[in-house]
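Report on the following structure.
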Amino acid sequence: MTYQCVLIPGDGIGPEVTDAVRRVFAAAGADTVLPKETIDSILEHHYALKGPCTTPIGGGFSSINVALRKTLNLYGAVRPVRSLDGVSTRFEDVDIIVVRENTEGLYSGIENTITEGVITSIKVATELACRRIARFAFKYASERGRKKISVFHKANIMKLSDGLFLRCAKEVHENEFPQIDYEEVIIDAGCMRLVQDPSQFDVILCENLYGDVISDLCAGLVGGLGVTPGANIGEENAVFEAVHGSAPDIAGQNLANPLAMLMSGVMMINHISDRHQDESLRAAGARIRDAYNSALVAGEKTRDLGGSLGTKEFADAIIARMSQ
Ligand code: NAI
């Protein structure tokens, strides 16, 4: 079977890391295609692999990333964070999935200048989106045999918006998924617990802004942004992208670790395999995963992980392992 997906290289280190992924995919027999019109293409093909896109700070155009998620209603962001053999970090047994609401909260982009020197940013919480992401997180957890969901919140202060988020999560737990353990964690204490002992957490459910921050924090537990993949999932369409941004500080220097993008690509392969019950495609994903795992264990790593390989050389090392 042939499945088409959209590849969005992004900018900064985006073209380098997506090129590395495209080459590894081709070597694994899971070729990608590059159509032109982004949204229409994704609507047509349903799956996209996206490189990071820069968003100017404090002015300029609004985030392309946020717009893409909202336009396509990719309401569930999934960011798995796992310890990797060959990547030594403070903790050895991290295995957390961060599920982030992707369409509202403070990322609704509703900001107003009330008067000179007074700004408001509006946090939007709708029952529909809160319940939808709670159901998504519990279903995702249940299908993967995960045991517990921890909802990170600040409902002690934002009693209405975070209060609604919590109420929806609690109701979905009690009415639909009582077999999965459930806890409510005030986010500041949750951050402390995460860096003290991440093994306490299984699936973390957050609204938009908290999920953005918590996924980078979790990335830091397992080796950083170079090893943390992600998916933005809606009912019909899904866009897969690394948690990291366009890293302008290292762009164009063959320094970026393409692994987070590659892992995002493997998430896409698994997602398509699940939808189409395609075992040979799933096997291609497993071959890629085995190849990058063994490369890391053998010390074939990029600079961010203490290795010496460039973006291209790391991709070459993975391709070489797949042809062994
Ligand atoms: P960033 O993730 O681009 O970089 C943070 C730090 O991590 C930098 O020191 C960078 O060199 C390093 N890093 C990131 N990815 C790496 C990789 N694959 N290999 C090795 N090192 C890596 O975050 P930053 O600097 O806050 O954002 C830069 C731009 O990216 C901003 O315009 C931001 O809006 C955008 N951004 C885009 C995202 C997306 O497209 N989904 C997500 C996050 C940020």
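In each ligand, atom 1 is the first atom listed, and ligand 1 is the first ligand listed.
By heavy-atom distance, the residue among Ser63, Pro52, Cys53 lying nearest atom 37 (C) of ligand 1 is Cys53.
Put simply, part of Arg69 is less than 4.0 Å from ligand 1, judged by heavy atoms. Judged by the shortest distance from any of its heavy atoms, Val243 lies inside the 4.0 Å radius around the atoms of ligand 1.
Checking atom 11 (O) of ligand 1 against the protein gives a heavy-atom contact under 4.0 Å. Less than 4.0 angstrom separates atom 27 (O) of ligand 1 from none of the non-hydrogen atoms of the protein.
Residue contacts with ligand 1: Ala247 is placed with a nitrogen or oxygen under 3.5 Å of a nitrogen or oxygen of the ligand (distance criterion only). Between Asn65 and ligand 1, at least one N/O pair is under 3.5 Å apart.
Between Asp316 and Arg23 there is a salt bridge, since at least one side-chain N of the basic residue sits less than 4.0 Å from a carboxylate O of the acidic one. Between Glu241 and Arg69 a salt bridge is recorded (basic side-chain N to carboxylate O distance below 4.0 Å).
Scored by the side-chain hydrogen bond (donor to acceptor under 3.5 Å, both in side chains) test, Asp162 finds Lys123, Tyr210 as partners (sequence neighbours excluded). Here Arg167 pairs with Glu171 under the side-chain hydrogen bond (donor to acceptor under 3.5 Å, both in side chains) rule; sequence neighbours left out.
Counting non-hydrogen atoms of neighbouring residues, nucleotides and ligands closer than 6.0 angstrom, the CG atom of Asp85 reaches no more than 12 such neighbours. Atom CD of Glu92 sits in a sparse spot, with 12 or fewer heavy atoms from other residues, nucleotides or ligands closer than 6.0 Å. By the neighbour-count criterion of 12 heavy atoms within 6.0 Å, atom NZ of Lys170 is sparsely surrounded, having that number or fewer from other residues, nucleotides or ligands. Applying the 6.0 Å contact sphere to CD of Glu236 captures no more than 12 heavy atoms from other residues, nucleotides or ligands.
The protein non-hydrogen atom at the shortest distance from atom 41 (N) of ligand 1 is Glu241 OE1, 3.0 Å. Residue, atom and distance of the protein heavy atom nearest to atom 33 (C) of ligand 1 are Thr55 N, 4.1 Å. Remark: minimum distance from atom 16 (C) of ligand 1 to any protein heavy atom is reached at Ile13 CD1, 3.9 Å. Remark: minimum distance from atom 9 (O) of ligand 1 to any protein heavy atom is reached at Asp249 OD2, 2.9 Å. Protein heavy atom in closest approach to atom 43 (C) of ligand 1: Gly245 CA, 3.5 Å. Among all protein heavy atoms, the one lying closest to atom 22 (C) of ligand 1 is Ile250 CD1, 4.0 Å. Closest to atom 17 (C) of ligand 1 among all protein heavy atoms lies Asn257 N, 3.6 Å. Atom 30 (O) of ligand 1 has its closest protein heavy atom at Ser246 N, 3.0 Å.
Near Thr54, the atoms of ligand 1 lying under 4.0 angstrom from a non-hydrogen atom of the residue are 32 (O). When each atom of ligand 1 is checked for a heavy atom of Leu225 under 4.0 Å away, the hits are 2 (O), 5 (C), 7 (O). Residue-ligand proximity, Ala256 to ligand 1, at heavy-atom distances under 4.0 Å covers atoms 19 (N).
Contact annotation for Pro248 and ligand 1: only side-chain heavy atoms (C-beta onward) come within less than 4.0 Å of the ligand. Neither the backbone nor the side chain of Glu16 has any atom closer than 4.0 Å to an atom of ligand 1 (non-hydrogen atoms only). Of the heavy atoms in Lys50, only side-chain atoms (C-beta onward) come closer than 4.0 Å to ligand 1.
Classified by interplanar angle (parallel below 30°, tilted 30° to 60°, perpendicular above 60°), the ring pair Tyr182/His173 is parallel. Taking the six-membered ring for Trp and thresholds of 30 and 60 degrees, His271 and Tyr47 have ring planes more than 60 degrees apart, a perpendicular arrangement.
Distance check: Ser150 OG to Asp181 CG gives 9.5 Å after rounding to the nearest 0.5 Å. Taken from CG in Leu72 to NZ in Lys70, the straight-line distance is 13.0 Å, to the nearest 0.5 Å.
Looking at Asp212 and Arg79, their side chains come closer than 4.5 Å, going by heavy atoms from C-beta outward.
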